[in-house]
There are 4 protein chains.
Amino acid sequence: MKKTSRQLQKEQTKELLIKTAFKLFSERGFLSTRISDIAGAAGVSHGTVFVHFPSLDALMAEVIEVYVGKIAQRTHELADSGKTLREVLCAHLNGIQEYEPFYTALVTENRQLPPPARDAWVTLQSVISLHFSRAVQRETEAGKIIPIPTSLLFNMWLGLVHHYLANTDLFAPGGKVIERYGETLIDNYLKLLASKGAE
Amino acid sequence: MKKTSRQLQKEQTKELLIKTAFKLFSERGFLSTRISDIAGAAGVSHGTVFVHFPSLDALMAEVIEVYVGKIAQRTHELADSGKTLREVLCAHLNGIQEYEPFYTALVTENRQLPPPARDAWVTLQSVISLHFSRAVQRETEAGKIIPIPTSLLFNMWLGLVHHYLANTDLFAPGGKVIERYGETLIDNYLKLLASKGAE
Amino acid sequence: MKKTSRQLQKEQTKELLIKTAFKLFSERGFLSTRISDIAGAAGVSHGTVFVHFPSLDALMAEVIEVYVGKIAQRTHELADSGKTLREVLCAHLNGIQEYEPFYTALVTENRQLPPPARDAWVTLQSVISLHFSRAVQRETEAGKIIPIPTSLLFNMWLGLVHHYLANTDLFAPGGKVIERYGETLIDNYLKLLASKGAE
Amino acid sequence: MKKTSRQLQKEQTKELLIKTAFKLFSERGFLSTRISDIAGAAGVSHGTVFVHFPSLDALMAEVIEVYVGKIAQRTHELADSGKTLREVLCAHLNGIQEYEPFYTALVTENRQLPPPARDAWVTLQSVISLHFSRAVQRETEAGKIIPIPTSLLFNMWLGLVHHYLANTDLFAPGGKVIERYGETLIDNYLKLLASKGAE
DNA sequence: AATGAATGAGCTTTCATTCAT
DNA sequence: CATGAATGAAAGCTCATTCAT
């Protein structure tokens, strides 16, 4: 039990640091969050951060891995096989929504982040891409969608969503872009895709 | 005469700094370009930069203002009134193409830039938006386009283009995304927009 | 009995730490060996070191005291009274040889070490000096040695040996300077000392 | 002239830093002298050091190069070709004497110093070795010296001198080991070398 | 106007030491 | 007795900004 108590303490602190870092990353972005900010906000000393993470990059990598994992997991669950494209897009936005500011920071800064962080980001896009592609294929075969290369369709959707997120300050100054525009984006995007013959 | 000569020199130096900064910003991005890099590349001293610009932020702002102005100007000229949507999109990409690396840096980093820089960026989008909207309106009225809110169509186009630029390393590792994908993007984007009845 | 068992454990742990520290000091020197290295290599926790030693300096001091003691002991045994100078020099090198890397670290770094460590080191030299002096005195009286102040002869010998040890990388890159040069050093040193009349 | 004034200022500061660093290295050794110590002692700010030297290692390297150069130069001049061994040894000690504490720090810590610093040190020994060897060769040919490998003779001399310097605190607590023991060392060393046949 | 030496706040990282468990 | 999480004082280094020349 003693053991458990210590381990618990350590895990709690690490978790606290990850949560705090997540919060700060969401609020201020990755690049302008300092280790001392995280330590301060978590109420621990500067050095404690280095007890749990060998470097700032490692901390970033871990935080991103954890939350990107959650988002991916969420999307996965919602966008199960056999769903329509609309359902997949919903799942995508739903997966993002809970962590919107964090995801936005990732959209905005991922190219300046250390490699492991970038990797996690790229992986996330792949997961989404997979579900998207399957749904598109099914609907294309069913003649419901204009025949356009799937990759282009995907990039168009991703570009659209990321554009709205990246310009949160313009579209929804208080945050919550997805809540405000999500349905609109899906509706109109699907409208465009709808096969002309299907009308 | 002396005065004029001095002023001339001053203007020349300032212009030189702006050009040099533009080049470096294009090559390495805004955030990783140091003042000393710019001064060094321009062949002037470190301190000279501060003679012409009160701060690094001011320099950035001015460089961006100048080149964003050029891009806007270019787009303006090409996308004159009375053009089709395709011509406007072409004009847009053409305006970008000449300054692609710079524009890409702006797409990628504009949110970490000082407010004035971001403002110039937003203004540029407005200019493009204007031409885009007009063309869309004309074609909508002519029944050639699916009735979808113009702003959404615009953001979709912008998101698409920016997505490709932002992922240059993925789509066209050597740069020149527009050259490689421009036509494809326009074609497919227009295909989607084409009114079903029009077919 | 419980008490005894605890004490036993404590002693064992302390001994383990001393041995481990000795090993690491021999391999990497004193200054670049971290407490965590020692704890890790000994398979105990970081904090355990401080249970047995109030500080890193104290640990160093104790390790040095123990092993310097062993070297002194060894030299003592080998260089019993009544021996010739050659035998004393042999004894000296023999005493060192077993702990050569450790002794070399001491030669190299003793001046940056905490006072108690340095003291132990100086004491060791005294012990050696004692045997050396006696032998020199005997041989001088026997007219076998050039009349030169004993202290000088001793420092010359010590300087010579230490010089070779300190430059191990130069003289015997793989270590084992004594094995390789010991005899040569003794032979030539004695050759120099040999009384001219004695020839 | 303007130019000269700025250059002069820079050179002066750099020289000041080198001199200050030299002083601190002499007093406390290389390893325990911090950049902030040097800056503080020189009366300049922390950052100024980095204006003149890219890193602490570079500073060390330059200080060592400069002063080792001076010592080498000095020895060179005094130990001109054609001198007797005694004169060469005198030259050696004379070259050292002026910078004794610095040279002592070098003797003591050179193995923990960054490579460029080590190199300068090794070079210095080579210079000394050269003069030594020549003189020994001449005197050996003249039958004045016991036939013993020159390298051994050199290492013996070097070991002797360095031993005294390294143990300054024992031999001459106030410093000035050379002044106090120089002559003694030379006299007795030569006495040992004197060919028996020459008596 | 141009220079560039000097500044110092700010950052990441290391590691001996403490102490609650 | 042993543990190991937490601490925080240092240290090296960067770079925008200032200002005397």
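This one's a predicted model, so the numbers in the text were calculated from it and none came from an experiment. To find a chain, count down the sequence lines: A is the first, B the second, and so on, and within it residues start at 1.
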**Q.** Main-chain N/O of Thr33(B) paired with Asp37(B) side-chain donor or acceptor, under 3.5 Å
**A.** no
Q | Pairing partner (Watson-Crick or G-U wobble, both distances under 3.5 angstrom) of dT21(F) | A | dA2(E)
Q) CG of Leu59(D) versus P of dC13(F): gap in Å, rounded? A) 10 Å
Q.
Could you check whether atom CD of Glu65(A) has more than 12 heavy atoms from other residues, nucleotides or ligands sitting under 6.0 Å from it?
A. no
Q. For Leu31(C) and dC15(E), what is the distance between atoms CG and P respectively, to the nearest whole Å?
A. 13 Å
Q: Considering non-hydrogen atoms only, spot the tightest contact between Ala120(B) and Ile64(B) and give its length.
A: CB-CG2, 3.8 Å
**Q.** Partner nucleotide of dC15(E) by Watson-Crick or wobble geometry (both distances under 3.5 Å)
**A.** dG8(F)
Q | Rounded interatomic separation in angstrom, taking CG from Asp57(A) and P from dC11(E) | A | 16 Å
Q) In whole angstrom, what separates Phe53(A)'s CZ from dT12(E)'s C1'? A) 16 Å
Q) How does each nucleotide of nucleotides 5-12 of chain F score, in 5' to 3' order, for protein heavy atoms under 4.0 Å: base (B), sugar-phosphate only (S), or none (-)? A) SBBB--SS
Q.
Could you report the tightest heavy-atom contact between Leu16(D) and Ala42(D), atom names first, then the distance?
A. CD2-O, 3.4 Å
**Q.** Shortest non-hydrogen contact between Ala166(B) and Val107(B), atoms and distance
**A.** CB-CG1, 4.2 Å
Q. What integer distance in Å separates Leu8(A):CG from dG4(F):C1'?
A. 15 Å
Q) What residues form a ring pair (Phe, Tyr, Trp, His ring centres under 6.0 Å) with Phe30(A), not counting sequence neighbours? A) Phe25(A), Phe102(A)
